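Before any comments, here is the structure.
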2 protein chains.
Amino acid sequence: MGASVEAMGVSDMVMGENEGPRRIALTPAARRALEAAGRLFYERGIHAVGVDLIAAEAGVTKKTLYDRFGSKEQIVVEYLADRDERWRAFLAERLDVPDRELPARERVLAVFDASRAWALEHSSKGCSMVNAHAEISDPAHPAYPVIAGQKQWMLGLFTGLGAEIAPDRAEHLGRTLMLLHEGALVAHGLGIFDDPIGHAREEARALVSTGGV
Amino acid sequence: MGASVEAMGVSDMVMGENEGPRRIALTPAARRALEAAGRLFYERGIHAVGVDLIAAEAGVTKKTLYDRFGSKEQIVVEYLADRDERWRAFLAERLDVPDRELPARERVLAVFDASRAWALEHSSKGCSMVNAHAEISDPAHPAYPVIAGQKQWMLGLFTGLGAEIAPDRAEHLGRTLMLLHEGALVAHGLGIFDDPIGHAREEARALVSTGGV
DNA sequence: ACTCCACTATACAGATCGGTATACCTTGGG
DNA sequence: CCCAAGGTATACCGATCTGTATAGTGGAGT
């Protein structure tokens, strides 16, 4: 594992990954509801947001909400799966540059650059997966695989890049990059200091230029 | 800042820091309530736990809860302040070794060792401050300074240690250690891979042995 | 003896929670 | 022409939410 990722573009990995949940047809009203739910869940927390509020903000009746999604739990799942999907697409745009294969070292930096850009416009309160995990206690919750899957995917991404940089230490390097990245997201969300993702990027640069030793 | 921390023992810094909230006299019933609230808040999330449940778990009436704490909001504040206090004491025991001044490099490692030990017995779901932050949207919430204060204190600790190791790069080194540490706590909470805090410790060791360059 | 104080027990208020039911409107494709 | 699908509007359900009110108990200090 990890090595299998090696030569793939990110967009290849986006496909076929979400075998789990997310089968709901997004009618216009459902799309509006999901947009509102996503915004509210992320900014106020999942338990703090009721379905009445989601319906009101989306300009949709509760009936429609339940016709489309069936339950609040499912709205949560769709929210996380949708956000994950958007993030992966956002990242793919910046990693799979057309007509030019970026070397692995630059792709590592590109991940951090993408995170910084994403954080600035979509993610001022930190990682939605981490935040959702804080509110979900039951491991049997259908959102669990989405959360765990996202983190495993990111770890696989870093490990795959690590394999191109220092094959004998791919796993070690991948994990270190993962820690720096997660730490930077948290630090950004809590405003611990200025531009933590940029700081992590520079540490990552030092790591990959020495081969992760 | 950062340099002022230099020669202090951690226990010195614990004192006089919490000027903010936390003035409540902990009667026996209040102590039981706080213990139950802490356990429930951490494991299930703040909004998912009602005051009735706290009262029931503590073997205390709701009347007593409100006589002691005044509001659920205040229980949350006490929960976080109490946990922060316990963590700092836990850390101080491992940093301020009697009859022997640990060199800064070893104290950095001791922080990660303490975090690993703490995580194993008290913190399987990640950092309570990060998790609480995920549920609190309003920056005017009285728990905000507790959360921000804890992170700033940890950053100050790392920066102070960094100043002893590489005075000209104290801030940079402190921030890098902070990112590794936060990342490790998140990774531990989400179970991304095995023993992330141990991994972060080894990365920290490499960092402080090269002087953080 | 008297009085605080911490506490129990119970009931209730008003709001909001997730979720359901009924009835009606509109639109596009067989 | 019809009818299914997506939608609105509104009312309702039981449960739970934070918070309050009333009444009473037992012990420690003066």
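Not measured: the values here are computed from a predicted model. Numbers restart at 1 for each chain; the letters A, B, ... are given by sequence-line order, proteins then strands.
Both A:V51 and B:D52 sit near DNA chain C, but only B:D52 has its closest nucleotide nearer the 5' end. Between B:A30 and B:K62, the residue anchored closer to the 5' end of DNA chain C is B:A30, taking for each the nucleotide with the nearest heavy atom.
The side chain of B:R68 has C:dA6 as its nearest neighbour among C:dA6, D:dG19, D:dG7. The side chain of A:Y66 approaches C:dT20 more closely than any other nucleotide in the set D:dT18, D:dG7, C:dT20.
Distance B:L65 CG to D:dC17 C1': 14 Å, rounded to the nearest Å. Atom P of nucleotide D:dG19 and atom CD1 of B:I54 are separated by 11 Å, given to the nearest angstrom. Per the geometry, NE2 belonging to B:H47 stands 18 Å off P belonging to D:dT16, to the nearest Å. Going from atom NZ of B:K72 over to atom C1' of D:dT16 covers 12 Å, rounded to whole Å. If you take CZ of A:R31 and C1' of D:dG6, they are 15 Å apart, rounded to a whole angstrom. With rounding to whole Å, B:F69 atom CZ is found 14 Å from D:dG19 atom P. Remark: P of D:dA9 and CG of A:D67 are 15 Å apart, rounded to the nearest angstrom. Atom CD of B:E73 and atom C1' of D:dG19 are 13 Å apart (whole Å).
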Step by step, work out the salt bridge (Lys or Arg N to Asp or Glu O under 4.0 Å) result for A:E57 and A:R39.
CA-CA 10 Å; A:E57 288 270 316; A:R39 181 168 36 84; 3.1 Å; yes
Candidate pair B:E35 and B:R31, rule salt bridge (Lys or Arg N to Asp or Glu O under 4.0 Å), full reasoning
CA-CA 6 Å; B:E35 183 278 326; B:R31 198 171 295 276; over 6 Å; no
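Residue contacts shown for A:T64 include a base, since a base heavy atom lies under 4.0 Å away. At the heavy-atom level, B:G59 lies under 4.0 Å from the strands shown only through sugar-phosphate atoms.
Under 4.0 angstrom from either OP1 or OP2 of C:dT10 there lies no side-chain N or O belonging to B:T61. Contact between the side-chain N/O atoms of B:K63 and the OP1/OP2 oxygens of C:dT8 is not found at any separation under 4.0 Å. Between A:S71 and the phosphate of C:dG18, there is no side-chain N or O to OP1/OP2 separation shorter than 4.0 Å.
Taking the ring centroids of B:Y144 and B:H133, they lie under the 6.0 Å cut-off.
A distance of 7.0 Å separates CZ of A:R107 from CG of A:L102, quoted to the nearest 0.5 Å. Distance OG/A:S115 to CZ/A:R94: 10.5 Å, rounded to 0.5 Å.
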